[in-house]
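Just follow the structure's listing: the first ligand is 1, and inside any ligand the first atom is 1.
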Amino acid sequence: MKSGINYSFRGKPISLALVACFLFTILLWTWESNPIAATFRSAQEWYLMPSEFPAEVPIDSTGTQKLEESEGKSSTPITKNGTNPKVNTVDSETVESIPAKSPEIQYNQDDISPSSEDCNYGKGRWVADSRRPLYSGFGCKQWLSSMWSCRMTQRPDFSFENYRWQPVNCDMPEFDSSSFLRKMQDKTIAFIGDSLGRQQFQSLMCMTTGGEENLEVQNVGWEFGLVKPRGAIRPDGWAYRFPQTNTTILYYWSASLCDLVPLNVSDKLSDVAMHLDRPPAFMRRFLDRFDVLVLNTGHHWNRGKLTANRWVMHVDGKPNEDEMIAEIPNAKNFTIYNVVSWLDLQLDSHPRLKAFFRTISPRHFYNGDWNTGGSCDNTIPFTNGAEVTQDGSTDQTIEGALKGTKIKILDITALSQLRDEAHMSRYTARGMQNSSDCLHWCLPGIPDTWNELLVAQI
Ligand SMILES: *[C@@H]1O[C@H](CO)[C@@H](O)[C@H](O)[C@H]1NC(C)=O
Ligand SMILES: *[C@@H]1O[C@H](CO)[C@@H](O)[C@H](O)[C@H]1NC(C)=O
Ligand SMILES: *[C@@H]1O[C@H](CO)[C@@H](O)[C@H](O)[C@H]1NC(C)=O
Ligand SMILES: *[C@@H]1O[C@H](CO)[C@@H](O)[C@H](O)[C@H]1NC(C)=O
Ligand SMILES: *[C@@H]1O[C@H](CO)[C@@H](O)[C@H](O)[C@H]1NC(C)=O
């Protein structure tokens with residue numbers, strides 16, 4: 001789409017839109033100050049609500065995460081492989097647009113060259129866009145965890161929803177659900193990674209459905225063995241199919257991208273072998289079925305999480321004895337290089353597979369860390385600028401590991417770094433204990449942009 005046409009078309013109704021938005025904002029204020037809003041989550045739910053963040057959700061010996069997650073809405077009864085039953089929707093206004101604080105900044109569209117293989121999508125700037133977000137934060141209850149839905153919290157500011165990313169040198173088409181589904185006809189897109197990967201998965205589900213209830217979407221987790229194990233609180237992942245185009249979107253939880261094998265299957269508290277040089281069994285088993293694969297890892301690579309999960313590093317099938325590798329940053333680097341070289345080799349025999357490695361999602365804890373009162377209270381966008389001018393990735397580990405391989409980089413680090421105001425911040429269950437989540441993002445929000453960049457490159 002030639003964006004020029006688009007822009008002049010959009011400019012005209014702006015004053016009308018502003019009036020509408022003003023009225024809507026008033027409506028919102030009224031709504032938000034209504035204590036009813038607080039009842040969306042019962043008090044009990046607040047306390048039961050653990051989070052994957054930041055200390056690990058302990059996993060049991062099968063590698064299954066244990067704690068209940070109050071996902072009530074998104075995991076509401078969904079027939080095993082049938083369609084999703086109707087879910088109650090909060091009487092919600094659909095947020096079409098909210099006035100952005102700054103006028104629309106635009107690139108000179110003439111500068112934009114046709115997309116090319118080498119286009120650097122991570123270089124560009126955030127621009128205000130009243131057509132964002134791509135789905136309503138009051139909607140998407142089927143797919144969006146309530147813990148990540150900022151519209152369902154007491155958060156009063158939502159200006160972070162109204163920006164889109166404009167790469168400086170690439171033509172990035174507007175995300176369009178039907179063209180995405182057509183492009184993915186008979187195809188499967190898989191996310192494998194930590195909770196940030198899960199945010200990206202939920203975001204893509206919301207973008208694809210437009211946040212609308214979609215009774216057609218089938219839960220096909222069973223095809224991939226993604227069923228809740230007995231005694232577990234939730235499955236290791238989810239898979240949904242859009243029957244119109246036979247498109248499947250899947251997520252599998254693998255925070256370290258290592259193969260995890262309990263050392264004693266009959267002992268729930270047994271240590272878990274963390275095979276640094278062996279990709280997760282799930283990935284090896286189902287790779288044949290993926291057309292697009294998006295990997296990520298990073299935030300679980302610290303001593304606390306390894307200990308809490310009882311992960312014991314293994315290399316070559318044996319407990320690791322190499323002191324160098326035993327250092328966490330080295331273990332992480334070693335694992336990333338291993339999974340990348342394994343996957344790169346697989347691509348020879350899987351020519352239709354498009355593989356991406358997403359760079360690390362930045363954290364924004366100020367005045368402390370996640371466990372020492374760190375916070376991210378800024379609500380003013382772009383206090384550190386709205387532009388990324390560097391050519392290389394900020395995530396040099398991933399960039400280095402991908403060099404010379406057929407795996408593409410999904411570089412979201414620097415552009416996300418500019419968005420410290422878009423995290424869950426203190427509006428989380430953890431906020432009850434005066435701590436903030438400056439790791440996960442509000443949805444709708446930044447992971448939507450990651451998906452736009454991804455879809456543009458598929
Ligand atoms: C539903 O799932 C079961 C396995 O749980 C499978 O045997 C059956 O074929 C599936 N039905 C449909 C309609 O896909
Ligand atoms: C759906 O897509 C899969 C590939 O993901 C393909 O194997 C299967 O034949 C397709 N089913 C139909 C009914 O077209
Ligand atoms: C495995 O765990 C079970 C249950 O705790 C225990 O009885 C058994 O001895 C363990 N096996 C090994 C080889 O340690
Ligand atoms: C990561 O591992 C690769 C491959 O072994 C090595 O070349 C690179 O220097 C390592 N990077 C760091 C930061 O340790
Ligand atoms: C949270 O902070 C407030 C004021 O900063 C303080 O009064 C309160 O005791 C704190 N609560 C907890 C659980 O630390």
Quiz item: Can you name the one residue among Thr413, Leu418, Asp420, Ile412 that meets side chain to side chain contact (heavy atoms under 4.5 Å, CB included) with Ser416?
Solution: Ile412
Quiz item: Going by the order shown, which atoms of ligand 3 are within less than 4.0 Å of some heavy atom of Ser266?
Solution: 1 (C), 2 (O), 3 (C), 4 (C)
Exercise. Examine Asp186 against ligand 2 and note whether any of their N/O atoms are separated by less than 3.5 Å.
Key: yes
Quiz item: Quick one: are the ring centres of Phe290 and Phe286 less than 6.0 Å apart?
Solution: no
Quiz item: How close does the nearest protein non-hydrogen atom get to atom 8 (C) of ligand 4, and which residue and atom is it?
Solution: Asn333 ND2, 3.7 Å
Self-check item: NZ/NE/NH1/NH2 to OD/OE distance under 4.0 Å, Asp291 and Lys187
Solution: no
Quiz item: Is Arg419 positioned over the aromatic face of Trp126, cation under 6.0 angstrom from the ring centre and no more than 45 degrees off axis?
Solution: yes
Practice problem: May I ask you to identify the nearest protein heavy atom to atom 4 (C) of ligand 4, giving residue, atom name and distance to one decimal place in Å? | Solution: Tyr337 CD2, 3.6 Å
Self-check item: Pairing of Asp348 and Lys406 as salt bridge, 4.0 angstrom limit
Solution: yes
Quiz item: To the nearest 0.1 Å, how far is atom 2 (O) of ligand 3 from its closest protein heavy atom, and which atom is that?
Solution: Asn264 ND2, 2.3 Å
Practice problem: Quick one: look up the protein heavy atom nearest atom 9 (O) of ligand 2 and list residue, atom name and how far away it is. | Solution: Asn246 ND2, 4.7 Å
Self-check item: Whether His423 side chain and His440 backbone form a donor-acceptor pair below 3.5 Å
Solution: yes
Self-check item: Note: Asp448-Arg132 ion pair, threshold 4.0 Å (strictly below)
Solution: no
Quiz item: Any nitrogen or oxygen of Lys187, main chain or side chain, under 3.5 Å from a nitrogen or oxygen of ligand 2?
Solution: no
Exercise. Mark whether atom 11 (N) of ligand 2 lies under 4.0 angstrom from at least one protein heavy atom.
Key: yes
Quiz item: Does some non-hydrogen atom of the protein lie less than 4.0 angstrom from atom 14 (O) of ligand 2?
Solution: yes
